[in-house]
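Every chain is numbered from 1, with letters handed out A, B, ... down the list of sequences. It should be emphasised that the depicted structure is a prediction, and the values quoted were computed from it without experimental measurement.
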Amino acid sequence: MFVIEIKNDERIVVRRASTEDLKEIVYALVSLVPMGKVISYKAIASLLGIHPRLVARFMALNDKPIIIPCHRVVMSNGSLGGYSRGGKVVKEKLLRLECVNVVNGKVLKEHIISGDELLN
DNA sequence: ATTTGCTCAGCTC
DNA sequence: GAGCTGAGCAAAT
């Protein structure tokens with residue numbers, strides 16, 4: 001993954017994406033997930049060619065708790081995964097508020113979108 | 001459904 | 001630089 005940067009003097013530089021870059025990109029992607037849908041850590045990770053755990057880490061760091069809907073990111077098998085602010089219980093409640101069905105601690109398949117669908 | 005082994009970026013020392 | 005720790009994954013059981 002690379003980023004293209006345009007400097008003030010109009011020079012263009014291409015460099016490998018730094019951790020900070022990736023973090024921003026991940027947040028941007030997550031905020032694209034619509035209400036009533038969720039996406040997996042893995043889907044995001046494979047879009048960017050990074051490890052799913054790194055995506056999870058970025059969620060945990062989470063600068064902007066409300067603005068970035070990290071509750072819409074779940075495990076690839078539908079299990080909830082974690083949530084730093086209140087745990088799974090809160091995460092599940094938030095999802096329910098958005099009309100996402102959670103059964104036995106798992107999000108139903110129909111709500112899970114792929115990376116491709118996200119980029120539509 | 002549950003256990004097991006793999007993973008790799010970040011954190012700590 | 002080496003070792004530990006996960007908001008995970010996938011295969012085997």
Neighbour count above 12 (heavy atom, 6.0 Å) for A:Ile6 CD1 = no
query = Using a cut-off of 4.0 Å on non-hydrogen atoms, how would the nucleic acid contact of A:Ser84 be classed: base, sugar-phosphate, or nothing?
reply = base
request  = Strictly below 4.0 Å, heavy-atom distances to any atom of DNA chain B: list the hits from residues 40-60 of chain A, or just say none.
outcome  = A:His51, A:Arg53, A:Leu54, A:Arg57
request  = Determine which bases of DNA chain C form Watson-Crick or G-U wobble pairs with both distances under 3.5 Å, and write the result as a 5' to 3' dot-bracket string with | for other-strand partners.
outcome  = ||||||.||||||
inquiry  = Taking any atom closer than 4.0 angstrom to a non-hydrogen atom of chain A, what span of DNA chain B does the protein reach, first nucleotide to last?
reply    = B:dT7 to B:dG10
key: side-chain contact (heavy atoms from CB on, under 4.5 Å) partners of A:Lys93, counting only residues at least two apart   = none
inquiry  = Need one value for A:Thr19: base, sugar-phosphate or nothing, where a base atom within 4.0 Å counts as base even if backbone is also close, heavy atoms only.
reply    = sugar-phosphate
inquiry  = Just to verify, which of A:Leu48, A:Asp21, A:Leu47 counts as forming a side-chain contact (heavy atoms from CB on, under 4.5 Å) with A:Met1?
reply    = A:Leu48
request  = Quick one: label A:Lys88 by what it contacts on the DNA or RNA (base, sugar-phosphate, nothing), any heavy atom closer than 4.0 Å.
outcome  = nothing
task = Would you check if there is a donor-acceptor pair between the side chains of A:Ser114 and A:Asp116 at a distance under 3.5 Å?
result = no
Salt bridge A:Asp9-A:Arg11, side-chain N to carboxylate O under 4.0 Å = yes
task = Could you list the residues that satisfy side chain to side chain donor-acceptor pair (under 3.5 Å) with A:Arg96, not counting sequence neighbours?
result = A:Glu92
task = Under 4.0 Å between any heavy atoms, over every strand shown, what does A:Gly81 touch: base, sugar-phosphate, or nothing? Just pick one.
result = sugar-phosphate
ask   = Under 4.0 Å between a side-chain N or O of A:Ser76 and OP1 or OP2 of C:dG8?
value = no
Which pairs would a plain distance check flag for residues 29-43 of chain A, meaning a side-chain donor or acceptor within less than 3.5 Å of a matching protein atom at least two apart in sequence or in another chain?
residue	atom	partner	partner atom	Å
A:Ser31	OG	A:Tyr27	O	3.0
A:Ser31	OG	A:Ala28	O	2.8
A:Lys37	NZ	A:Glu110	O	3.3
A:Ser40	OG	A:Ala43	N	3.0
A:Tyr41	OH	A:Lys91	NZ	3.4

